[in-house]
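Reckoned from all heavy atoms, side chains included, excluding hydrogens, waters and symmetry mates. From a predicted model like this one, the values you see are computed outputs, not experimental measurements. Heads up: numbering here begins at 1 and tracks the sequence.
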Amino acid sequence: MSTVDVLPLVDEGLGNSAYLVDLGDGRALVVDVSLDLRAARRAAARRGLRLAFAADTHLHADFVSGARQLAATDGARVLASAAGHREFTHDGLRDGDETDLGGLRLRALFTPGHTHEHLSFLLLDGAAPVGVFTGGSLIVGAAARTDLVDPARTDELARRQYASLRRLATLPDEVAVWPTHGAGSFCSAPPGARRTSTIGAEKASNSLLRAENEDAFVAALRGSLGSFPSYFRELADTNRRGVVLPGDPVLPGLDVDRVRALAADGAVVVDARPAADFAAGHVPGALSIPLRPAFASWLGWLVPSDRPIVVVRGGDQDPAEIAWQAVKIGRTGLAGELDGGLAAWTAAGQPVRRTRVVTADGVGGRPVLDVRQDAEFAAGHLPGARHRELGRLDGRELPREPLVVMCGHGERAMSAASLLEQAGHRDISVVLAGGPAEWARATGNALVTGA
């Protein structure tokens, strides 16, 4: 039995896993690692390893690849699909190509579907297949979405995904399955799914692998597709070019006058403090995106790539974490942070805005705006609630009436309230603790299901 050491590096916020493989000779391979290389570097340093190879399964739709950075700073050899036409030095691989890792071997398997140029990588110890890095092809309990390259190609790529999964299913049952996309990813991983599996386990339990035929597979996969962050569309081109940072990202301090000038010139003021702190007082026009695991996804969804970003944070929040979360999804336009935070803003005599907070049982008869995802709303919502997903919210389309905004826990609702305030809505309240389920428990009333 193989004793190959493969360490998953899980990004809970994006729902992805990179992998570090100890090659047994002081070198390591990393697969699908993001530009935020901190976890990979820490793991390698603990084991005394040099990051010698960086393999990418596809032109990622949800994070900036760290492969070109590793090539520039660590001399890593980049392995990627020849069909991706990357514009920097790499080994362009085609189906069946093998790379000698010094005892272990990595075989490229062309598995299009999630993207048109997608590769899986089969790790071999001698002649024995140990595991397969499946990227966005076969994932635990599902298969990744096929509508990211071009909506018009969704069906075509779904049919190619069907063929790719069937090909992977011919590997021996004991072969490990190491996917990139997992629970929490907008690339269609089921919630709560395990992050790794085996070919045998997937053949036994993955409903898409058990689909009766290609048409049934396509219908099931298409039926699972929800919305996804708008920044996904940008990153294929970004990763084709590759990114090399000149140094660690930072948030330079900005005084109040500079923040006001930047905001007046189109910068987005992103308030990363907890939602309750934002409610108690914030810079007028600021966008609330509380720093939490999902921070990067919502930053990429709600802040356009061409707008400079000014951050307001709490004194206990790590500015480096905010900066890394931003750059790993392509938001590199970090102008800086408000030096001294909101206290400096108020000390300078600048106005603040406050947002009313209500409890779930305090909604009363006021109109409710539910900003959760479509599937969440359909699973149960307040009677008469209006629905707009946060990522699709346009405050200009809503009547200027009093509104109570809710989600599941409060963070998305506060983001929505800040967008509505930007659009001129003033009579906004936010359910900060609990969502529809809490309302049902507190009031004894039933939720409504369906769209």
Side-chain angles (χ1 to χ4, degrees), residues 12-15 62 142 145 183-193 223-232 274-276 278-279 287-303 355-364 366-395 397-399 401-423 425 428-443 445-451:
E12 299 283 354
L14 294 182
D62 45 358
R145 65 192 311 144
S185 169
F186 284 98
C187 284
S188 300
S224 71
L225 302 179
S227 59
F228 57 86
S230 53
Y231 80 90
F232 278 20
F278 182 87
L287 172 60
S288 173
I289 308 180
L291 182 61
R292 61 197 195 281
F295 177 81
S297 290
W298 290 111
L299 185 73
W301 207 332
L302 301 178
V303 178
T355 305
R356 284 195 300 274
V357 173
V358 296
T359 58
D361 60 350
V363 171
R366 286 173 288 181
V368 170
L369 175 65
D370 189 322
V371 298
R372 296 174 299 155
Q373 301 299 102
D374 288 344
E376 295 174 280
F377 183 80
H381 55 269
L382 272 63
R386 182 182 283 116
H387 179 230
R388 293 283 193 285
E389 285 191 356
L390 172 58
R392 296 171 171 168
L393 181 63
D394 185 344
E397 296 177 350
L398 297 174
E401 63 181 355
L403 277 176
V404 176
V405 188
M406 66 168 21
C407 58
H409 303 285
E411 290 90 352
R412 284 177 291 174
M414 192 59 73
S415 294
S418 66
L419 289 171
L420 292 170
E421 288 177 2
Q422 288 177 4
H425 294 256
I428 302 293
S429 303
V430 175
V431 175
L432 203 54
E438 178 62 27
W439 175 87
R441 283 192 295 269
T443 66
N445 295 319
L447 297 176
V448 177
T449 59

Shortest non-hydrogen contact from Gln373 toward Ser227:
NE2-OG, 3.0 Å

Give a yes or no answer on whether the side chain of Ser418 reaches the backbone of Ser288 with a donor-acceptor pair at less than 3.5 Å.
yes

Point-to-point distance, once rounded to the nearest 0.5 Å, from CG of Leu390 to CZ of Arg392
11.5 Å

Check for a donor-acceptor pair, side chain of Thr449 on one end and backbone N or O of Ala379 on the other, with a separation under 3.5 Å.
no

For the atom pair CD1 (Ile428) and CG (Leu369), what is the distance rounded to the nearest 0.5 Å?
8.0 Å

Closest heavy-atom pair and its distance - Glu389, Arg372
CG-O, 3.4 Å

Which heavy atom in Ala279 sits nearest to a heavy atom in Val357, and how many Å separate them?
CB-CG2, 3.6 Å

Main-chain N/O of Pro290 paired to Arg292 side chain as donor or acceptor, under 3.5 Å
yes

Nearest 0.5 Å, please: how far is CG in Leu291 from CG in Leu299?
10.5 Å

Can you check side chain to side chain contact (heavy atoms under 4.5 Å, CB included) on Ser415 and Trp301, steps first, answer last?
CA-CA 11 Å; Ser415 294; Trp301 207 332; over 6 Å; no

Heavy-atom nearest pair, Val430 first then Ala417, reads CG2-CB, 3.4 Å

Between atom OG1 of Thr443 and atom CD of Glu438, what is the distance when rounded to the nearest 0.5 Å?
9.5 Å

Full working for side chain to side chain contact (heavy atoms under 4.5 Å, CB included) between Tyr231 and Asp62:
CA-CA 7 Å; Tyr231 80 90; Asp62 45 358; 4.0 Å; yes

Ignoring hydrogens and geometry, is there a side-chain-to-backbone donor-acceptor pair from His381 to Ala451 under 3.5 Å?
no

Could you tell me which non-hydrogen atom of Arg386 sits nearest to which non-hydrogen atom of Leu403, and how far apart they are?
NH1-CD2, 3.7 Å

When the side chains of residues 404-412 are checked against the rest of the protein, which donor-acceptor pairs come out under 3.5 Å, sequence neighbours left out?
from: Arg412; atom 1: NH1; to: Glu376; atom 2: OE1; distance (Å): 2.8
from: Arg412; atom 1: NH2; to: Glu376; atom 2: OE2; distance (Å): 3.1

